[in-house]
Student: 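If you scroll down you'll find the structure; I have some questions about it.
Order of appearance sets the numbers: ligands from 1, and atoms from 1 within every ligand.
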Amino acid sequence: MIVFADVTKRFGKKAVLDSISINIKKGDLLFITGPSGAGKTTLLKLIYCSERPDAGHITVADWEVSRLSQRGIPELRRNIGIIFQDFKLLPNRTVFDNVALALSIHGMNPGKIRHYVNEVLEEVKLMDKANLFPQFLSGGEQQRVVIARAMVSKPLVLLADEPTGDLDVDNAKAIMELFSKINGKGTTVLVATHDETLFQGSGYRVIYLNDHYIEKEYMG
Ligand SMILES: Nc1ncnc2c1ncn2[C@@H]1O[C@H](COP(=O)(O)OP(=O)(O)OP(=O)(O)O)[C@@H](O)[C@H]1O
Ligand SMILES: [Mg+2]
């Protein structure tokens with residue numbers, strides 16, 4: 001589903017990822033970990049073409065991402081749900097509208113939009129907050145809205161960068177349970193995090209990046 005073959009990414013002269021290879025199967029749930037600056041965020045950005053590799057090949061499903069033209073990027077991104085810290089909820093839109101936005105941009109009719117948004121809000125248990133503005137939700141609830149927004153277009157892949165960063169232990173656990181449930185329905189999920197408690201004892205695959213390389217790979 002996602003393949004990195006000898007991928008190198010440099011910023012200036014410095015290689016952040018140096019000839020790394022990864023093979024992620026459809027339906028996997030996988031953690032990318034390692035110290036700050038190891039390249040976790042960069043690795044996720046390469047998958048949705050926000051950064052381009054300097055060498056090597058990246059494929060996502062049938063897309064040869066490393067060779068994708070600028071015109072091909074929106075279609076790739078429609079199939080990838082993204083949970084990133086710099087991709088915040090819009091404060092002046094309700095929970096419902098924040099989630100609906102991705103669908104209305106694609107010109108879907110309002111009845112269908114309502115159906116899909118309600119379905120995903122049900123899944124993250126936020127139906128009762130649909131008409132509130134994000135500021136009236138707790139941190140954990142806001143993060144569940146972010147997940148709902150990423151999932152509403154039924155992506156093949158979900159990418160999450162430090163998804164539990166600002167949350168306490170219980171909320172972090174709830175977010176992980178949600179990922180596991182989403183993954184159980186067939187979505188491939190990649191979580192970049194430095195928080196070992198998220199994957200310790202989980203049985204999920206963990207890739208440990210350090211010093212531009214995959215230093216080790218193990219089961220959490
Ligand atoms: N656009 C950029 N221009 C220049 N350098 C960059 C850019 N993006 C990332 N880097 C550098 O690449 C390295 C890896 O960054 P990245 O954000 O991928 O690390 P990370 O593992 O996600 O770290 P953290 O745990 O702190 O989030 C860092 O040294 C960073 O400064
Ligand atoms: Mg990062």
Student: Return yes when K14 approaches ligand 1 closer than 4.0 angstrom through a heavy atom, no otherwise.
Tutor: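 Judged by the 4.0 Å heavy-atom criterion, K14 does count as contacting ligand 1.
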Student: Looking only at heavy atoms, is any part of H194 under 4.0 Å from ligand 1, and if so is it the side chain, the backbone, or both, or is it neither?
Tutor: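 Contact part for H194 vs ligand 1: neither.
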Student: Does R52, at its CZ atom, have more than 12 non-hydrogen atoms belonging to other residues, nucleotides or ligands within less than 6.0 Å?
Tutor: yes
Student: Checking a contact table here: which protein heavy atom is nearest atom 23 (O) of ligand 1, and how many Å away?
Tutor: G37 N, 2.8 Å
Student: Checking contacts now, so for atom 30 (C) of ligand 1, which I'm interested in, is there any protein heavy atom under 4.0 Å?
Tutor: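 False for atom 30 (C) of ligand 1.
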Student: Ligand 1 versus V16, non-hydrogen atoms closer than 4.0 Å: side chain, backbone, both, neither?
Tutor: side chain
Student: Within the 4.5 Å heavy-atom criterion, are V191 and I32 side-chain neighbours or not?
Tutor: no
Student: Can you tell me if, anywhere in T41, an N/O/S atom lies at a distance from the Mg ion (ligand 2) that is smaller than 2.8 Å?
Tutor: yes
Student: Going by an N to O cut-off under 4.0 Å, is there a salt bridge joining R114 and E119?
Tutor: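 No, this pair does not count.
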Student: Any chance CZ of F11 has more than 12 other-residue heavy atoms, nucleotides or ligands included, within less than 6.0 Å?
Tutor: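 Count over threshold, so yes.
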Student: Mind checking whether G34 has an N or O less than 3.5 Å away from an N or O of ligand 1?
Tutor: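 It does not: no N or O of G34 is found under 3.5 Å from an N or O of ligand 1.
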Student: Which protein heavy atom lies closest to atom 9 (C) of ligand 1, and at what distance to 0.1 Å?
Tutor: F11 CE1, 3.3 Å
Student: Have a look at L44, L209, T42, D161 and point out the one with the heavy atom closest to atom 16 (P) of ligand 1.
Tutor: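 When every heavy atom of L44, L209, T42, D161 is considered, T42 comes closest to atom 16 (P) of ligand 1.
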Student: Determine, for R205 against D28, whether the closest basic-nitrogen to carboxylate-oxygen distance falls under 4.0 angstrom.
Tutor: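 Between D28 and R205 there is a salt bridge, with a charged N closer than 4.0 Å to a carboxylate O.
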Student: Evaluate Y204 against Y218 for ring-ring contact (aromatic ring centres under 6.0 Å, His included), listing each step before the verdict.
Tutor: CA-CA 8 Å; Y204 289 120; Y218 56 99; over 10 Å; no
Student: Would you please indicate if the ring centroids of Y208 and F199 are separated by under 6.0 Å?
Tutor: no
Student: In the protein, which heavy atom is nearest to atom 22 (O) of ligand 1, and how far is it?
Tutor: T41 OG1, 2.8 Å
Student: Considering only protein heavy atoms, which is closest to atom 26 (O) of ligand 1, and at what distance to one decimal place?
Tutor: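 Going atom by atom, the protein heavy atom closest to atom 26 (O) of ligand 1 ends up being S36 OG, 2.6 Å.
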Student: Salt bridge check, E51 against R10: does any charged N sit closer than 4.0 Å to a carboxylate O?
Tutor: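 Not counted as a salt bridge, because no side-chain N and carboxylate O are separated by less than 4.0 Å.
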Student: Considering only the protein, which heavy-atom contact is closest to atom 25 (O) of ligand 1, and what is its distance?
Tutor: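 Result: K40 NZ, 2.7 Å.
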Student: Without swapping roles, check the side chain of N98 against the backbone of L89 for a donor-acceptor pair under 3.5 Å.
Tutor: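 No, N98 side chain to L89 backbone: no donor-acceptor pair under 3.5 Å.
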Student: Which of the atoms of ligand 1 are close to A38, meaning less than 4.0 Å from one of its heavy atoms?
Tutor: 19 (O), 21 (O)
